[in-house]
Every structure is written in structure tokens, then in C-alpha cells.
Amino acid sequence: MNRRSVLRAGAGLLAGGAALALPPLPPAGAATATPAADPTDGWTRTSFTYSWQKPWNLDLGDRHSYSGGVHRMWVYATDEPFEEGSSTDPRTEMRWKADYSTGDHMWDADVYLPSGTDGASFVQILRSVHPSGTAATDIMLNAYDTDGGTVRRYDGTVLRTGAYNTWFNVKIAHQASSGTGTIKVYFDNSLALTVADRGPATRYFKNGVYHHGSGRAEARFRNIAYWTR
């Protein structure tokens, strides 16, 4: 898929009259809000494996490092695609080997986007088998060099600003079905987006940098987890 098509292309009484015992009221002015439920409540952490996609003419170590539990992935706009002769943009990505077509699946990781990363997808759901004429992805989260680092769904809806040079948690929960499913995106466990997927397909998660912009793009990941239910 070329650059342009990627960017165009979820108190009362008891019965007998006895009063229920109620907890004491909080002091005046005390906060009473309860924390939001963790998006992974009711889900099961699931093992997964992955393979690498990187410029075909380079070693993985030329575009990836791993230290202290952190994966660093970077790529340049002038790099080769992942396969010789491919017309796709350059990338360094983990390709999850957890293909699915139905059921509930969640990608979860802490993400760090260094300043200057512009026009790169850092996580996506790729539709490897899909009906002719339908989109190749269900969702892509892209980083742009505006407002201190902007995260958008594709090149459209703004989901987060001030994203550069700080760790934040991202979860993508996909309720896939034989028809149209639902995708929810969470930042630091707060719901940021609910959107429909692109219809039936076999798909998988990918994360890293798939670069549709110019210059150098980088993304870092830690605490990567896969959840199902």
C-alpha cells in the first residue's frame, strides 16, 4: 500500500422495615469519585509470538535495539521497504503471530514517541485476508509533529496532543465478529475512541514505525501484552 492510500484509506428499607446500615458520609469537600475500571478487567493475558519486518537490505540491529525491557524501533524515509520490489513505505515493526477473525482481542503497551517523529504509524490492525475492495487496515494510530506530538487515527481524528518524549499507555480492544465489529482505544486506561472496524477479515496487530512521512521516525515500547476474552 502506498503512502497516500494508507493515509486516506469504535438507601432504602428492608422488606421488614429495618433500615439498611449505610456507611458514614465522607467529610465535606472530600472527593467521592471512584476510579474507572481497568479496560483489562474480565480479560485474560495471553501469550503471543511475533516476527520482524524491517528494511529488506539491513540487519534488524540496524533499526532496532532492546535494553532494560524497552524495544526501540526506528526507520528513515529513504529506507528500503520490507521486501525487495515492494511499493510500501519503510518500516521496522513487530508482526504479531496471533491472527484472528472473531472474538475479543486487545493490544496493550507503554509507548514513547521521540520528538520529530512525523507521519509514522506506531500501531495498527492489519487485515491480511479481506474481501476485495475493502480496506487493508481496521485502524492505524499515527504520530505527527504538531502540538508537542499529536496522535491521530490515520491522518484524521486527533486523539492526543503533547505525546512527545513521555511514556503513556495505549490499549486497543477489538471486538471482532463475522460482520462489523467494534474497536476501542484507551490512553492511560481512559477511553479515547470507539469506532467500527472495516468488516469481516482475518487480521493481526503490528507495532513499531511504518513511516509515511519524511526524515527519521522512532517509537519505543515496553510492557507489551496481549489480552483475550
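Along the sequence shown, residues carry numbers from 1. Computed from a predicted model, the values in this text were never measured in an experiment.
- Between T88 and Y210 there is a side-chain heavy-atom pair separated by less than 4.5 Å.
- Checked by atom type, the side-chain pair E84/W56 shows no donor-acceptor distance below 3.5 Å.
- Using a 4.5 Å heavy-atom cutoff, the side chains of L141 and I172 are in contact.
- Rounded to the nearest 0.5 angstrom, F221 CZ and Y66 OH are separated by 13.5 Å.
- At least one donor-acceptor pair closer than 3.5 Å links the side chain of T150 to the backbone N or O of T146.
- No donor-acceptor distance shorter than 3.5 angstrom exists from the side chain of D59 to the backbone of G61, with no hydrogens or angles considered.
- Considering only heavy atoms from C-beta on, K54 stays 4.5 Å or farther from H64 through its side chain.
- Cluster annotation: L60 and V75 are assigned to the same hydrophobic cluster (Ile/Leu/Val/Met/Phe/Trp/Tyr, side-chain heavy-atom contacts under 4.5 Å, transitive).
- Side-chain contact between N207 and Y50 is absent, with no heavy-atom pair separated by less than 4.5 Å.
- Contact annotation: the side chain of D110 approaches that of R222 to within less than 4.5 Å [non-hydrogen atoms, C-beta and beyond].
- Closest approach of M73 to G208, counting heavy atoms only: SD-CA, 3.4 Å.
- Applying the ring pair (Phe, Tyr, Trp, His ring centres under 6.0 Å) criterion to W167, with sequence neighbours excluded, gives Y112.
- Distance alone, capped at 3.5 Å, is enough to place a donor-acceptor pair between the T46 side chain and the T44 backbone.
- With hydrogens and angles ignored, the 3.5 Å screen pairs a side-chain donor or acceptor of D197 with a backbone N or O of G199.
- The ring pair (Phe, Tyr, Trp, His ring centres under 6.0 Å) check on Y100 picks up H105, H174, F205, with sequence neighbours excluded.
- Shown here for S101 and T202, the closest heavy-atom pair between the two residues is CB-OG1, 4.2 Å.
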Show the numbers, then the answer: is there a side-chain contact (heavy atoms from CB on, under 4.5 Å) between H71 and T92? CA-CA 11 Å; H71 287 278; T92 304; over 6 Å; no
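- Side-chain atoms of T49 and K97, non-hydrogen and from C-beta on, do get closer than 4.5 Å to each other.
- D99 pairs by the salt bridge (Lys or Arg N to Asp or Glu O under 4.0 Å) definition with R95, not counting sequence neighbours.
- Residues R72 and E218 are in side-chain contact: their nearest non-hydrogen atoms beyond the backbone lie under 4.5 Å apart.
- Residues satisfying the ring pair (Phe, Tyr, Trp, His ring centres under 6.0 Å) criterion with F48, sequence neighbours excluded, are W96.
- Checked options K184, R198, R153, R203; the residue passing with D138 is R203 (criterion: salt bridge (Lys or Arg N to Asp or Glu O under 4.0 Å)).
- Nearest heavy atoms, N142 versus S121: OD1-OG, 2.5 Å.
- Ring geometry for F168 against F187 counts as perpendicular: the plane angle is over 60°, on a 0 to 90° scale with 30° as the lower cut.
- H212 is listed as a side-chain neighbour of M140, based on a closest heavy-atom distance under 4.5 Å.
- Other residues sharing a hydrophobic cluster with W74 under the 4.5 Å side-chain heavy-atom criterion for ILVMFWY residues are Y76.
- Across all their heavy atoms, Y186 and P39 have their closest contact at CD2-CG, 3.6 Å.
- With hydrogens and angles left out, the side-chain atoms of N169 and D108 include a donor and acceptor closer than 3.5 Å.
- Under 3.5 Å, the side chains of T137 and Y154 contain a donor-acceptor pair of N or O atoms.
- Taking both residues in full, the closest heavy atoms of P131 and P200 are given as CD-O, 3.3 Å, listed atom of the first, atom of the second, then distance.
- Here the closest non-hydrogen pair linking A163 and V151 is CB-CG2, 3.9 Å.
- The other members of the hydrophobic cluster of W43, by chain and number, are M106, W227 (side-chain heavy atoms under 4.5 Å, ILVMFWY only).
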